[in-house]
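Counting starts at 1 for both ligands and their atoms, following the listed order. What you see is a predicted model, and the numbers here were worked out from it, not measured in a lab.
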Amino acid sequence: MAERYGAHRHGGVSSPNFVMEEPALLAELGDVAGLDVLDLGCGDAALGAMLLELGCTSYLGIDGSQEMVTRAEVTLQDPRGTVALQNMEELSLPARSIDLAVSRLAVHYLEDLDAVLRACHAALRPGGRLCFSVLHPVITSSDVQPSPGPQGSWTVDDYFLSGARERLWMGDTVTWFHRTTEQYVGAISGAGFNLTAMRECEPEPGRFGGDEAELARRRRVPMFLLLSARAT
Ligand SMILES: C[S@@+](CC[C@H](N)C(=O)[O-])C[C@H]1O[C@@H](n2cnc3c(N)ncnc32)[C@H](O)[C@@H]1O
């Protein structure tokens with residue numbers, strides 16, 4: 001699974017993460033110099049390597065998969081970067097010890113998002129930031145399995161029925177927890193944050209290497225939702 005995800009995630013033009021989510025995330029994060037950063041569900045910590053390169057003071061990635069943690073340890077060849085095998089639900093950091101809690105495409109695996117957001121709030125310094133991306137609620141709504149190959153049609157269904165959805169993804173069955181956009185926004189403010197931005201990760205034309213057909217395909221449906229907030 002980790003290997004298949006890595007190939008997908010770093011697949012250039014064919015990876016929606018690369019052409020849609022990453023440009024929006026980097027624009028939203030802005031200047032990270034001098035920040036202590038926590039990454040929830042860090043995967044192979046590719047983001048950690050990028051943020052350290054951009055001058056963050058420290059990076060801690062946590063992930064619940066040993067396979068991913070092993071990959072992250074290989075990625076993070078920098079003493080300012082560390083990774084821990086830990087579930088997001090067990091997050092426990094000293095109060096007011098980080099400046100930025102970030103998460104890419106991981107919190108839709110959580111049944112109890114509220115508790116994790118509250119734990120992030122407690123770990124953030126006053127005015128600290130939270131920024132996370134999830135699969136867009138129009139994508140997580142339905143449990144219709146996509147057919148193999150590049151997707152040309154999408155099903156939105158049961159949108160207002162939040163809860164678990166089993167999907168075949170990267171050759172495994174995974175459980176995602178569908179929430180509406182309104183519920184994500186409510187969870188953020190309920191945990192003590194002020195929402196500062198919401199992005200739907202419109203495809204970035206410059207990342208398509210001139211592949212106009214793929215750009216047109218990616219303009220059809222939002223794949224990701226990115227939310228940014230500040231601790232009050
Ligand atoms: C789709 S991957 C994204 C990885 C990475 N953030 C990225 O963008 O490449 C989701 C990650 O979340 C991790 N994950 C899922 N549920 C988790 C949980 N409850 N606690 C910690 N990590 C979890 C998985 O092991 C996986 O590495």
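- A salt bridge links Glu22 to Arg207: one of the charged nitrogens lies within less than 4.0 Å of a carboxylate oxygen.
- Heavy-atom contacts of Ser65 reach the following atoms of ligand 1: 25 (O) (cutoff under 4.0 Å).
- With a 4.0 Å heavy-atom cut-off, ligand 1 is reached by the backbone of Arg104 and by its side chain too.
- Looking at Thr173 and Glu166, their side chains never bring a donor and an acceptor atom within 3.5 Å of each other.
- Distances from atom 21 (C) of ligand 1 to the heavy atoms of Gly48, Gly64, Ala45 show the closest one on Gly64.
- Of the heavy atoms in Gln86, only backbone atoms (N, CA, C, O) come closer than 4.0 Å to ligand 1.
- A side-chain donor from one of Asp36 and Ser58 sits under 3.5 Å from a side-chain acceptor of the other.
- Comparing Trp176, Tyr109, Phe132 by heavy-atom distance to atom 15 (C) of ligand 1, the nearest is Tyr109.
- Nearest-heavy-atom check against atom 20 (N) of ligand 1 across His108, Met88, Glu111 picks out Met88.
- Interface of Met68 with ligand 1, defined as ligand atoms under 4.0 Å from a residue heavy atom, comprises 27 (O).
- Atom numbering of ligand 1 starts at 1 in the shown order; those under 4.0 Å from a heavy atom of Glu89 are 18 (C), 19 (N), 20 (N).
- Ring pair His121/Phe193 is perpendicular by interplanar angle, where above 60° counts as perpendicular and below 30° as parallel.
- Glu214 and Arg218 are joined by a salt bridge, as a carboxylate oxygen and a charged side-chain nitrogen come within less than 4.0 angstrom of each other.
- In this structure, Cys42 is part of the shell of residues with a heavy atom less than 4.0 angstrom from ligand 1.
- Of all the listed residues (Leu91, Leu40, Leu110, Asp63), Asp63 holds the heavy atom that lies closest to atom 27 (O) of ligand 1.
- Side-chain contact between Asp39 and Tyr59 is present, with at least one heavy-atom pair separated by less than 4.5 Å.
- Side-chain atoms of Asp112 and Val116, non-hydrogen and from C-beta on, never get closer than 4.5 Å to each other.
- Between Asp99 and Arg125 there is a salt bridge, with a side-chain nitrogen of the basic residue lying less than 4.0 Å from a carboxylate oxygen of the acidic one.
- Of all atoms in ligand 1, listed by their number and element, those nearer than 4.0 Å to a heavy atom of Ala106 are 12 (O).
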